[in-house]
Each structure stands twice: as C-alpha cells, then as structure tokens.
Amino acid sequence: MTAPQPTVFINSQLYEQDFYLWIETTAKQLKEGRFSEVDLENLIEEIECMGRSEKHALESNLVVLLMHLLKYKYQPDKRSNSWKGTIREHRRRLRITFKDSPSLKPYFQEVFTECYQDARKQASDETGLSLDTFPVESLFTADECLDEDFLPD
C-alpha cells in the first residue's frame, strides 16, 4: 500500500495539469485557512507574475499614448477622431492603473524615457516618417501625457 501524497504535492501537480482548477483550489484553501495545504512555490510565482503584468500593461499603454501624441503633432493633416479616441482610451487605462495601484506612479516616471524611445520608433514605422523627425527627447512631459485636455499643437 502506498502512502498518500501530501496535498501540496497534489496541488503542485494540479498547477501543471489544470491552471484554472489550481486557482480555484488555492483560493478555497486560503479562504478556509488551510494554509499548510497551499502550493506556496507556485502561488508566489503567480503573484510576482501579476506584478510584472501590471508593469507591462502600464508600459504598453504609455507607448501607445506617446506614439499617438507624436503622430498627432507631426501629421496634423492626418489627425482623426480615431487618434483622439486612442489617446483618450490609453489615458483612461493609465488613470485606472494609478487608481488601483498608486505605487506604480514612480514606475511610470522611471520608464517614461524608455517608452518614449519605443514610441518614436513605432511612430516612424506607422507614419513612414524618418525616425529623425521625432525628437530624441520627449516634447511632452509625463503630466501632459496624463492630462486629458492636452493635445500637442
């Protein structure tokens, strides 16, 4: 007769076999205070992954916002309501991010310059304009990017 496997080992296997069921099981164990049964190793990994995902989403929204601000400034003859809508939508997403996770605001400042460089390249790709068209240093401040009334001339 074989000895029963510890619950943590079974949960670890469940993580590999059925992620959603692993989530449900882990949440139930936590709610019921059955902490010794929780698959801590994978739970910690998932929580860290959630933090990285929040940062990646912030960066993605910032790049799209900056790219559209650049397109708006450097292609005034092609300005559209669609561009304005995209600018508004990505500002809204960032506003929600900061409302839900105010501690990400310093990270926004930290990655602003890097995101601007990515936005320059994407704006060049999308517009067909030379990368040199777009200044190396951002013309927009972080605060202007988040200001729902700001549009570049």
Side-chain angles (χ1 to χ4, degrees), residues 8-9 11-31 35 38-153:
V8 174
F9 178 76
N11 287 346
S12 181
Q13 287 181 325
L14 188 58
Y15 179 81
E16 299 297 328
Q17 296 168 356
D18 188 335
F19 182 69
Y20 183 74
L21 183 56
W22 175 86
I23 290 172
E24 286 185 323
T25 301
T26 302
K28 183 177 180 186
Q29 290 166 335
L30 291 168
K31 286 177 186 175
F35 304 119
V38 172
D39 175 10
L40 277 180
E41 184 178 329
N42 286 316
L43 180 59
I44 291 167
E45 181 179 322
E46 289 303 318
I47 290 171
E48 289 172 341
C49 184
M50 288 170 56
R52 286 190 302 273
S53 292
E54 289 296 307
K55 285 181 171 183
H56 292 313
L58 182 149
E59 292 172 24
S60 178
N61 287 313
L62 179 55
V63 168
V64 172
L65 173 59
L66 286 164
M67 177 186 61
H68 276 79
L69 289 172
L70 285 169
K71 288 169 48 174
Y72 193 89
K73 175 155 182 74
Y74 286 95
Q75 289 193 307
D77 55 320
K78 294 188 178 185
R79 289 178 182 167
S80 68
N81 288 333
S82 174
W83 284 1
K84 286 182 182 179
T86 298
I87 290 167
R88 183 174 305 282
E89 172 62 17
H90 288 274
R91 283 178 172 154
R92 182 189 70 78
R93 292 179 187 188
L94 288 166
R95 186 177 64 250
I96 290 169
T97 295
F98 298 139
K99 181 180 175 190
D100 292 345
S101 301
S103 63
L104 281 174
K105 192 80 179 227
Y107 183 73
F108 173 82
Q109 298 290 340
E110 179 184 325
V111 298
F112 186 85
T113 300
E114 180 181 335
C115 288
Y116 175 76
Q117 295 308 316
D118 291 339
R120 282 180 69 230
K121 293 171 190 164
Q122 283 190 245
S124 176
D125 291 344
E126 284 201 16
T127 63
L129 298 172
S130 165
L131 183 61
D132 296 336
T133 303
F134 308 103
V136 174
E137 298 291 323
S138 177
L139 300 175
F140 326 117
T141 66
D143 288 337
E144 286 173 331
C145 287
L146 297 175
D147 179 350
E148 73 177 55
D149 295 322
F150 171 76
L151 286 172
D153 296 331

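Index from 1, following the sequence.
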Which pair of heavy atoms, one from [X] and one from [Y], lies closest together, and at what distance?
{"X": "Q75", "Y": "L129", "result": "CG-CD1, 4.0 Å"}
{"X": "H90", "Y": "L65", "result": "CB-CB, 4.1 Å"}
{"X": "A142", "Y": "F112", "result": "CA-CE1, 3.7 Å"}

(request) Ignoring hydrogens and angles, state whether a donor on the side chain of Y116 or E137 is under 3.5 Å from an acceptor on the partner side chain. (result)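 Judged by distance alone, the side chains do not pair up.
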(request) Determine whether the side chains of N42 and W22 contain a donor N or O and an acceptor N or O closer than 3.5 Å. (result)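 No, no side-chain donor-acceptor pair sits under 3.5 Å.
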(request) Please name all residues satisfying side chain to side chain donor-acceptor pair (under 3.5 Å) with E24, sequence neighbours left out, ordered by chain then number. (result)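 Testing E24 for side chain to side chain donor-acceptor pair (under 3.5 Å), a comparison that skips the adjacent residues, returns Y20.
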(request) Take F98 and L58 through the side chain to side chain contact (heavy atoms under 4.5 Å, CB included) test and state the conclusion after the steps. (result) CA-CA 9 Å; F98 298 139; L58 182 149; 3.6 Å; yes
Is it the case that the side chain of [X] and the backbone of [Y] share a donor-acceptor pair, with hydrogens and angles ignored and the cut-off at 3.5 Å?
{"X": "T141", "Y": "E144", "result": "yes"}
{"X": "S60", "Y": "H56", "result": "no"}
{"X": "Q122", "Y": "V64", "result": "no"}
{"X": "R79", "Y": "Y72", "result": "yes"}

Any chance you could measure [X], atom [atom1], to [Y], atom [atom2], to the nearest 0.5 Å?
{"X": "N61", "Y": "T97", "atom1": "CG", "atom2": "OG1", "answer": "6.0 Å"}
{"X": "M67", "Y": "T127", "atom1": "CE", "atom2": "OG1", "answer": "10.0 Å"}
{"X": "T86", "Y": "H68", "atom1": "OG1", "atom2": "NE2", "answer": "4.0 Å"}
{"X": "S124", "Y": "E126", "atom1": "OG", "atom2": "CD", "answer": "10.5 Å"}
{"X": "L66", "Y": "F140", "atom1": "CG", "atom2": "CZ", "answer": "7.0 Å"}
{"X": "E48", "Y": "E45", "atom1": "CD", "atom2": "CD", "answer": "8.0 Å"}

(message) If you count heavy atoms of other groups shown closer than 6.0 angstrom to CD of E114, is the number above 12?
(response)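 Not buried by this count: 12 neighbours or fewer within 6.0 Å.
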(request) Measure the shortest side-chain to side-chain distance between K55 and V111 over non-hydrogen atoms and say whether it is less than 4.5 angstrom. (result) no
(request) Dump the intermediate steps for side chain to side chain contact (heavy atoms under 4.5 Å, CB included) on R91 and R88, then the final yes or no. (result) CA-CA 5 Å; R91 283 178 172 154; R88 183 174 305 282; 5.8 Å; no
(message) Quick one, I23 with E46, criterion side chain to side chain contact (heavy atoms under 4.5 Å, CB included). Give me CA distance, side-chain angles, the key distance, then yes/no.
(response) CA-CA 10 Å; I23 290 172; E46 289 303 318; over 6 Å; no
(message) Determine whether M50 and E54 satisfy the following criterion, side chain to side chain contact (heavy atoms under 4.5 Å, CB included), listing intermediate values before the conclusion.
(response) CA-CA 6 Å; M50 288 170 56; E54 289 296 307; 5.8 Å; no
Donor-acceptor contacts, no H, no angles, side chain residues 145-153, under 3.5 Å, sequence neighbours left out:
unit_1 : atom_1 : unit_2 : atom_2 : d
D147   : OD1    : D149   : N      : 2.9

